[in-house]
Amino acid sequence: MDKSTLTSEWIQTFNRLGSEGKLKPTVPYHDLFARKELKGFPLHTLPMWTVNFPTGHITCCDPLVTLPSKPDTYIRTVEPGTYLLETKIIEMEPNQYRYVASRVIFNGNEPVNYELALKGTEDIEILDDGESFIGFPVDSGLATVVDAETIETYRKFYDQWHTNYPDKNIYDDYYSDLFQLNAMAYPQYQRSKGGDWINFTIPETELTVPMIQSGFGDGLYPVYWHLIKMDKSANLLWNILIVAKRISNL
């Protein structure tokens with residue numbers, strides 16, 4: 001997104017909310033990723049290979065519903081490159097898993113601050129009440145993090161697929177098999193039938209579209225930057241607020 005489109009009013013509100021601590025999450029995610037248990041429940045870390053960001057302009061969204069419509073990217077950018085992706089999982093019962101949060105590791109340094117990832121078009125004044133939150137909508141039970149070039153390339157792939165198979169559903173007739181194959185190849189922390197994640201590479205490219213179960217179904221999922229300095233991002237996390245509340249109240 002072009003930062004020049006930001007209004008002075010939005011920037012002022014953003015700066016004020018930041019100074020008041022209202023752009024921070026309610027859960028210390030960095031500590032969560034370092035832990036192996038939480039109130040008696042085992043925590044696991046699942047590596048999901050890498051993601052490619054050729055432009056450094058990234059966003060999180062629902063890969064099946066939102067990604068084909070070419071969503072805007074966040075105001076903050078990252079250095080173009082390939083980065084590690086991993087997901088934290090809580091084992092609520094033996095072999096019963098919930099995906100709690102995913103992160104892209106841009107830098108190994110300790111974060112000094114958190115900040116809500118924003119695009120500059122949100123009504124951020126709703127955060128004044130201390131109860132509301134902003135996140136990306138999930139309607140398919142899946143989430144992804146992608147680069148601007150990936151968004152454009154995926155749209156072309158998506159349109160061509162539907163041109164080739166006009167009467168078919170891209171999940172039922174394409175992705176479901178990939179999820180099942182991934183669950184067979186990497187069964188740890190996945191449902192044996194259906195699977196819970198893939199790291200999809202767009203055909204004839206090196207661009208990746210991870211598709212990860214959102215953890216608690218459909219809803220809004222906030223995204224936060226881990227900052228090592230106020231002007232440089234270290235880690236990017238997405239997590240729904242209600243998951244954080246459930247975990248903290250276990």
Side-chain angles (χ1 to χ4, degrees), residues 1 23 25-27 29 32-33 46 48 51 53 57-75 85-90 92 96-104 114-124 126-127 131-148 150-151 154-155 157-158 169-172 174-176 178-180 182-183 189-191 193-200 202 208-225 235-248:
M1 178 181 176
L23 299 179
T26 57
V27 171
Y29 288 113
L32 181 68
F33 270 88
L46 176 62
M48 292 181 169
V51 285
F53 299 143
H57 296 267
I58 65 176
T59 194
C60 294
C61 67
D62 184 316
L64 298 186
V65 178
T66 309
L67 184 56
S69 64
K70 300 196 296 186
D72 289 335
T73 56
Y74 296 124
I75 298 168
L85 171 69
E86 62 183 19
T87 292
K88 201 68 178 181
I89 298 170
I90 190 166
M92 305 296 292
Q96 297 293 319
Y97 306 104
R98 292 284 187 178
Y99 287 26
V100 176
S102 293
R103 69 177 180 179
V104 177
Y114 296 87
E115 180 187 283
L116 187 65
L118 297 168
K119 299 178 179 181
T121 56
E122 302 88 348
D123 178 13
I124 55 178
I126 67 171
L127 300 175
E131 298 292 331
S132 300
F133 66 98
I134 293 172
F136 67 92
V138 168
D139 296 304
S140 70
L142 296 170
T144 191
V145 54
V146 288
D147 171 87
T150 306
I151 294 171
Y154 181 82
R155 176 68 193 199
F157 160 78
Y158 179 87
N169 178 284
I170 196 167
Y171 181 82
D172 294 337
Y174 186 75
Y175 288 123
S176 62
L178 299 182
F179 273 87
Q180 187 62 62
N182 190 65
Y189 314 133
Q190 291 203 72
R191 294 170 296 167
K193 294 184 178 179
D196 288 297
W197 67 276
I198 60 174
N199 199 337
F200 174 64
I202 301 174
T208 53
V209 181
M211 300 185 186
I212 308 167
Q213 67 132 292
S214 54
F216 283 81
D218 299 342
L220 292 178
Y221 286 70
V223 181
Y224 298 96
W225 296 105
N235 293 327
L236 173 66
L237 302 175
W238 53 258
N239 191 298
I240 193 170
L241 187 61
I242 192 171
V243 174
K245 286 184 176 179
R246 288 183 184 181
I247 290 175
S248 63

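Since the model is a prediction, treat every value here as computed from it, not as a measurement.
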Q. Does the side chain of F179 come within less than 4.5 Å of M211's, by heavy atoms?
A. yes

Q. Who are the ring pair (Phe, Tyr, Trp, His ring centres under 6.0 Å) partners of F33, not counting sequence neighbours?
A. none

Q) Is the backbone of A148 close enough, under 3.5 Å, to the side chain of T73 for a donor and an acceptor to pair up by distance? A) no

Q. Taking atom CD of Q180 and atom NZ of K193, what is their separation to the nearest 0.5 Å?
A. 9.0 Å

(Q) Restricting to non-hydrogen atoms, name the atom on F133 and the atom on P222 that form the minimum distance, rounded to 0.1 Å. (A) CD1-CG, 3.5 Å

Q: May I ask you to decide if Y74's main-chain N or O and K119's side chain share a donor-acceptor pair within less than 3.5 Å?
A: no

Q | Closest non-hydrogen atom pair, V209 against P63 | A | CG1-CB, 4.4 Å

Q. Is the ring centre of Y189 less than 6.0 Å from the ring centre of Y97?
A. yes

**Q.** Separation of C61 SG from Y221 OH (nearest 0.5 Å)
**A.** 13.5 Å

Q. Got a sec, which residues hit side chain to side chain donor-acceptor pair (under 3.5 Å) with D62, two or more places apart in sequence or on another chain?
A. S140

Q) If you measure only the distance, is there a donor-acceptor pair under 3.5 Å linking the side chains of S102 and T87? A) yes

Q) Residues two or more places apart in sequence or in another chain: which of them pass side chain to side chain donor-acceptor pair (under 3.5 Å) with E122? A) none

Q) Considering residues at least two apart in sequence or located in another chain, which fulfil the salt bridge (charged side-chain N to carboxylate O under 4.0 Å, His left out) criterion with D196? A) R191

**Q.** Test side chain to side chain donor-acceptor pair (under 3.5 Å) applied to T208 - qualifying residues, sequence neighbours left out
**A.** none

Q. In terms of ring plane angle, is the pair F200 and F157 parallel, tilted or perpendicular, where the classes change at 30° and 60°?
A. tilted

Q) So do the side chains of I198 and P210 get within less than 4.5 Å of each other, counting heavy atoms only? A) no

Q | P71 side chain reached by I151 side chain, heavy atoms, under 4.5 Å | A | yes

Q) Looking at side-chain heavy atoms only, is the closest gap between T59 and D72 below 4.5 Å? A) no

Q | Main-chain N/O of I90 paired with R98 side-chain donor or acceptor, under 3.5 Å | A | no

Q) Side chains of I212 and L85: does their closest heavy-atom pair fall under 4.5 Å? A) yes

Q) Quick one: side chain to side chain contact (heavy atoms under 4.5 Å, CB included) partners of D123, sequence neighbours excluded? A) E125, I126

**Q.** Any side-chain heavy-atom pair of V223 and L116 under 4.5 Å
**A.** no

**Q.** Chi angles and distances behind the side chain to side chain donor-acceptor pair (under 3.5 Å) call for S214, Y99
**A.** CA-CA 7 Å; S214 54; Y99 287 26; over 6 Å; no

**Q.** Any residue meeting side chain to side chain donor-acceptor pair (under 3.5 Å) with Y175, in chain and number order, not counting sequence neighbours
**A.** Y154

